[in-house]
Amino acid sequence: MAGKKKPHNKPNFFEDVYAIVRLIPKGRVTSYGAIAKYLGAKMSSRMVGWAMHGAPRGVPAHRVVNRNGLLTGKHHFKTPYTMQRLLEKEGIQVFNDKIIRFSDIFWDPARELP
DNA sequence: AACGTGACACAGC
DNA sequence: AGCTGTGCCACGT
């Protein structure tokens, strides 16, 4: 039966975001805009952030920060320190909610992925 | 059904 | 060189 319409919205975009975030290697980080751009940059980076809001378990959302390398979403975690703690646990240095050497550990999906 | 908000990014001043 | 405004799309009220 192909007549099955979309039961809800189109989580396709969200699923894509989750897939990319899951591919982020340990010790690396990426930005919302990078993911949005990889998906076509049709949608604003805001949607990527919103997607993270519904990110299921297994998605290292802490490896996604804004283009500034700033932990803007740390407030959405269990605790405001969870994000930083996770990053530090992976070997990423964070100072003042800002990732040190951000451009050095930046992982661009459009560049690392085919 | 419309308005406002939001884990961003970029152009303009 | 930093601040303001606008664009983007989905979701909550």
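Rounded to an integer number of Å, the gap from CZ of Phe13(A) to P of dC9(C) is 10 Å. With rounding to whole Å, His75(A) atom NE2 is found 15 Å from dG6(B) atom C1'. Counting to the nearest Å, the P atom of dC9(C) and the CG atom of Asp16(A) are 16 Å from each other. Rounded to an integer number of Å, the gap from Ile35(A) CD1 to dC9(C) P is 18 Å. Rounded to a whole Å, the CE atom of Met47(A) is 16 Å from the P atom of dG7(C). What separates CZ of Phe14(A) from C1' of dA7(B) is a distance of 12 Å, to the nearest Å. Straight-line distance from the CD1 atom of Ile20(A) to the C1' atom of dA7(B): 16 Å, rounded to whole Å.
Looking at residues 48-55 of chain A, you'll see Gly49(A), Trp50(A), Met52(A), His53(A) sit with a heavy atom under 4.0 Å from some atom of DNA chain B. Using a 4.0 Å cutoff on non-hydrogen atoms, no part of residues 76-88 of chain A comes near DNA chain C.
The hydrophobic clustering, which links ILVMFWY residues whose side-chain heavy atoms are closer than 4.5 Å, places Tyr18(A) and Ile35(A) together. Tyr32(A) and Val21(A) fall within a single hydrophobic cluster, where Ile, Leu, Val, Met, Phe, Trp and Tyr are joined by side-chain heavy atoms under 4.5 Å apart, directly or via other members. Tracing side-chain contacts under 4.5 Å through hydrophobic residues (I, L, V, M, F, W, Y), one reaches Val65(A) starting from Phe77(A); they form part of the same cluster.
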Side-chain atoms of residues 49-62 of chain A: list all donor-acceptor pairs with protein atoms under 3.5 Å, sequence neighbours left out, distances to 0.1 Å.
residue  : atom : partner  : partner atom : Å
His62(A) : NE2  : Glu90(A) : OE2          : 3.4

Donor-acceptor pairs under 3.5 angstrom involving side-chain atoms of residues 102-114 of chain A: please list them, not counting sequence neighbours.
residue   : atom : partner   : partner atom : Å
Asp108(A) : OD1  : Ala110(A) : N            : 3.0

In residues 80-87 of chain A, what donor-acceptor pairs under 3.5 Å come from side-chain atoms, sequence neighbours left out?
residue  : atom : partner  : partner atom : Å
Thr82(A) : OG1  : Thr79(A) : N            : 3.0
Thr82(A) : OG1  : Thr79(A) : O            : 3.1
Thr82(A) : OG1  : Thr79(A) : OG1          : 2.7
Gln84(A) : NE2  : Glu88(A) : OE2          : 3.3

Check: protein-nucleotides 9-13 of chain B nitrogen or oxygen pairs below 3.5 Å:
residue : atom : partner  : partner atom : Å
dA9(B)  : OP1  : Gly33(A) : N            : 3.4
dA9(B)  : OP1  : Arg67(A) : N            : 2.9
dA9(B)  : OP2  : Arg67(A) : N            : 2.7

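For the pair Ile99(A) and Leu71(A), the minimum side-chain heavy-atom distance is below 4.5 Å. A 4.5 Å side-chain heavy-atom check between Leu39(A) and Ile20(A) finds at least one atom pair inside the cut-off.
Within the structure, salt bridge (Lys or Arg N to Asp or Glu O under 4.0 Å) pairs that include any residue of residues 26-37 of chain A do not occur (at least two apart or interchain). Residue pairs meeting the side chain to side chain donor-acceptor pair (under 3.5 Å) criterion with at least one partner in residues 66-76 of chain A, sequence neighbours excluded, are Lys74(A)-Asp97(A).
dG4(B) and dG5(C): their P atoms are spaced 16 Å apart (whole Å).
In this structure, the side chain to side chain contact (heavy atoms under 4.5 Å, CB included) partners of Ile100(A), at least two apart in sequence or on a different chain, are Gln93(A), Phe95(A).
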